[in-house]
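First the structure, in the form of structure tokens, and then the observations on it.
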Amino acid sequence: MIMEEEIFRKSPPELKKAPNLQDYELMYGNFSQDFMEKELDYWEGKVNAAYNAIDRHAAGWRKNKIALHWAGERETADFTFLDLKEESDRFANLLVKCGVRKGDRVFIFLPRVPELYISFIGILKTGAIAGTMFSAFGPSAIKDRLKDSGAKCLITNSELKKRVDSVMGELPELKTVIVTDSVHSGDGVVSYSEAEKMPASYEIARMEPDDYAFMLYTSGTTGKPKGVMHCHKAVIHEHITAKWVLDIQDDDVYWCTADPGWVTGIAYEILGTWSNGATSVIYEGRFDPEKWYSIIEKYKVNVWYTAPTAIRMLMQAGDAYKKCNIGSLRHLCSVGEPLNPEAIRWGLKAFGLPFHDNWWQTETGGILIANYPVLDIKLGSMGKPFPGVTAAIVDDEGRILPQGAEGNLAIKPGWPSMMKAIWNNLPKYNEYFRNGWYISGDRARVDKDGYFWFIGRADDVIKTAGERVGPFEVESALIEHRAIAEAGVIGKPDALRGEIIKAFVKLRPGFSPSAELESEIKDYIKVKLAGHAYPREIAFVDSLPKTRSGKIMRRVLKARELGLPVGDLSTLEEY
Ligand code: ATP
Ligand code: MG
């Protein structure tokens, strides 16, 4: 079963601007690491990602350029590169005063406020390792991460601190809590305002390229979160992908909707994009279609990086986009989950632009497979490997499979932002590398033109009556049905067929569950996909379980269906 190929051809009117990467094939064929190195500033082989993201711009012509347009829930603020340099210097000085040293883990537990960004940069400047935690985490998720990492210092606000206090007794290594809105210091608590008294200059730690810079616990779609370690030189890959995939140019205003509690918010809100001197918009609030469109209008956003789940929610909000002037948009990108063709078609209607899907993982530290401004888009495909990246579809023994065959999506190790370790868990780290490949845990195929197609996470692929079916294809077909807003598909054990396909669907407003609708949907999929690929069971649901970063958690659907333990739920957003 292969998704029908629908191509969106790029022609000059769709490219509102000449892209940074003008010839993909040429660059892929001639790529060299030296070329990348020239994009970064080093001190005789030593490097610091924070210096490359902020300070080098503060020392040059971009110093008064806006780095951050911050749109808070109640107020707004703008920061130039020089502002961010000085504030992060002050914060780095405060950390040192608090006893933070190179290699210490310092965690940030804040909503998307300026202090989050400033402290992240400040931590890197000291040579300590920054960790982030999404602000919706509850006490046990916080405890797991702070305990596993042995964090010494935490930056939070007084509201979120209450959740930390309830588990403080189990965190003996946590010595200092810096509180953004506290005026008092003492008893292990330090007021963030102390940074104001510190000098606005700091001698940045000159790090080995392979020294750790930040760590992140993965979103836990499939299991217990693991601490993925990234080094300072990862910024080089984040920089060049921001330049060629996100196509950041100096006169652009860029908005990434991700939260730095996840890797996208670090690589493409802090490091790779600021390293390109981007003017970034950060919106503190939650998803709301009208608010989102008004942000685009207000800041005249040109480049927009978001996620399929958000796009599907915007689709459900219908033509809300018509209320705002969103004509500034010129380049749209998406990551985090497979991007359904229907979402691209809708984007074309709403914005006159296609969303460019790209694929990567917390472990990969940056984009590895992408659709590029200059290349045609095959709807439903993740695109082609980034220059310098070798991607392949391999079998379980590491043999490259022929074009069109489903297999493990694998990458040749050694790209600069590849994770360095899993914290305290060498066996887990080693599991990723087999037969000379980094095995992503995703299943995919590659077509004759070198485009990669996502099939599903290895654990999610369904085996029914001898056929393998990827949940993504079935879900994509389901949401093309007029009644369906969202869908999650699993394999349910079946004595006869091994597994049958079961779909959990959320209906669009105005539709209600009925036996007629159920059989209409089944017939629709039989015709659209294949006789064996239709869901034999359909459950109508009000919501789908998702991670807080918006990914559908199929393992939760499955565990609930089978009455099995659901496992770690720390990242679960909805019940
Ligand atoms: P865990 O590894 O803890 O289960 P996770 O895999 O959800 O969590 P992330 O690193 O945030 O954690 O997500 C990476 C995964 O998201 C990929 O392996 C893939 O399954 C999915 N993904 C990301 N981008 C895309 C994309 N463009 N198309 C399809 N899937 C994607
Ligand atoms: Mg994963």
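Everything numeric here is computed off the predicted structure, so don't read it as measured data. Counting starts at 1 for both ligands and their atoms, following the listed order. For the numbers below, each heavy atom of this structure counts, side chains included, while hydrogens, waters and symmetry mates do not.
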Does the ring centre of [Y] sit less than 6.0 Å away from the ring centre of [X]?
{"X": "W423", "Y": "Y217", "value": "no"}
{"X": "F287", "Y": "W292", "value": "yes"}
{"X": "W453", "Y": "F472", "value": "no"}
{"X": "H237", "Y": "F386", "value": "yes"}

Contact between ligand 1 and W360 is defined here as a heavy atom of the residue under 4.0 Å from a ligand atom; is it met?
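Yes, W360 has a heavy atom closer than 4.0 Å to ligand 1.
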So is P225 in contact with ligand 1, going by heavy-atom distances below 4.0 Å?
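Outside the 4.0 Å threshold, so no.
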Counting heavy atoms only, which of [options] comes nearest to [atom]?
{"atom": "atom 18 (O) of ligand 1", "options": "D442, T547, I552", "answer": "D442"}
{"atom": "atom 16 (O) of ligand 1", "options": "K551, R443, R555, E363", "answer": "K551"}
{"atom": "atom 27 (N) of ligand 1", "options": "D460, V335, N358", "answer": "N358"}

Is the ring pair Y432/Y429 parallel, tilted or perpendicular, if the boundaries are 30 and 60 degrees?
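Y432 vs Y429 ring planes: tilted.
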Please work out whether the ring planes of F120 and F214 are parallel, tilted or perpendicular, with thresholds of 30° and 60°.
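F120 and F214: tilted rings.
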One residue to check: F454. Relative to ligand 1, which of side chain, backbone, both or neither has a non-hydrogen atom less than 4.0 Å away?
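Within the 4.0 Å criterion, F454 contacts ligand 1 through side-chain atoms alone.
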Heavy-atom distances under 4.0 Å decide this one: backbone, side chain, both or neither, for R457 against ligand 1?
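R457 to ligand 1: side-chain contact only, backbone stays beyond 4.0 Å.
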Numbering the atoms of ligand 1 from 1, which are under 4.0 Å from a heavy atom of G336?
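In order of number, 16 (O), 21 (C), 22 (N), 23 (C), 24 (N), 25 (C), 31 (C).
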Find all atoms of ligand 1 within a distance of less than 4.0 Å from any non-hydrogen atom belonging to K226, and give their numbers and elements.
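The atoms of ligand 1 under 4.0 Å from a heavy atom of K226 are 1 (P), 2 (O), 3 (O).
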Side-chain H-bond candidate by donor/acceptor type, Y305 with N358, under 3.5 Å
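The criterion, which ignores hydrogens and geometry beyond distance, is satisfied for N358 and Y305.
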May I ask you to check whether S334 has an N/O atom sitting below 3.5 Å from an N/O atom of ligand 1?
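No; every N/O pair is 3.5 Å or more apart.
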